[in-house]
Amino acid sequence: MVDVQWWLSGYDNRVHAFGNEEADRDFGEALCEHSVPNSKITCTDLGQRCVACLLIFGDMLADVHGEGVWRAS
């Protein structure tokens with residue numbers, strides 16, 4: 001599973017899930033394929049999260065941990 005960091009993009013002011021495999025580039029690419037220069041990324045997870053990144057990351061978690069029984073309490 002990809003190590004994910006939730007960081008704020010200066011382009012759309014949303015918090016995206018960025019993987020560590022992009023560390024040697026001049027830009028970051030989020031799980032949702034949102035691309036932004038490193039100079040426009042703020043290392044904070046405060047703000048509105050990208051729904052596409054949340055869904056993709058949730059799917060990755062389900063693949064790793066299995067699909068359990070979901071129920072409301």
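- Taking the six-membered ring where tryptophan is involved, the planes of His34 and His16 are essentially parallel, since the angle between them stays under 30° and well short of 60°.
- Residues Ile56 and Leu31 come closest through the heavy atom pair CD1-O, 3.4 Å.
- Counting only heavy atoms from C-beta outward, the side chains of Tyr11 and Ser35 never approach each other to under 4.5 Å.
- The heavy-atom pair separating Asn38 from Arg25 by the smallest distance is ND2-O, 2.8 Å.
- By the criterion of side-chain heavy atoms lying less than 4.5 angstrom apart, applied directly or through intervening Ile, Leu, Val, Met, Phe, Trp or Tyr residues, Leu55 is not grouped with Phe18; the two fall into different hydrophobic clusters.
- For the pair Leu46 and Val15, the tightest heavy-atom approach, listed with the atom from each and the gap, is O-CG2, 3.6 Å.
- For the pair Trp6/Leu54, a side-chain contact is recorded, criterion being any heavy-atom separation below 4.5 Å from C-beta on.
- Atom CZ of Arg49 sits about 11.0 Å away from atom CG of Leu8, to the nearest 0.5 Å.
- For Ala17 against Val4, the heavy-atom pair with the smallest separation is CB-CG1, 3.3 Å.
- No more than 12 heavy atoms of other residues, nucleotides or ligands sit less than 6.0 Å from atom CZ of Arg14.
- Expressed to the nearest 0.5 Å, how far CG of Asp12 lies from SG of Cys50 amounts to 7.0 Å.
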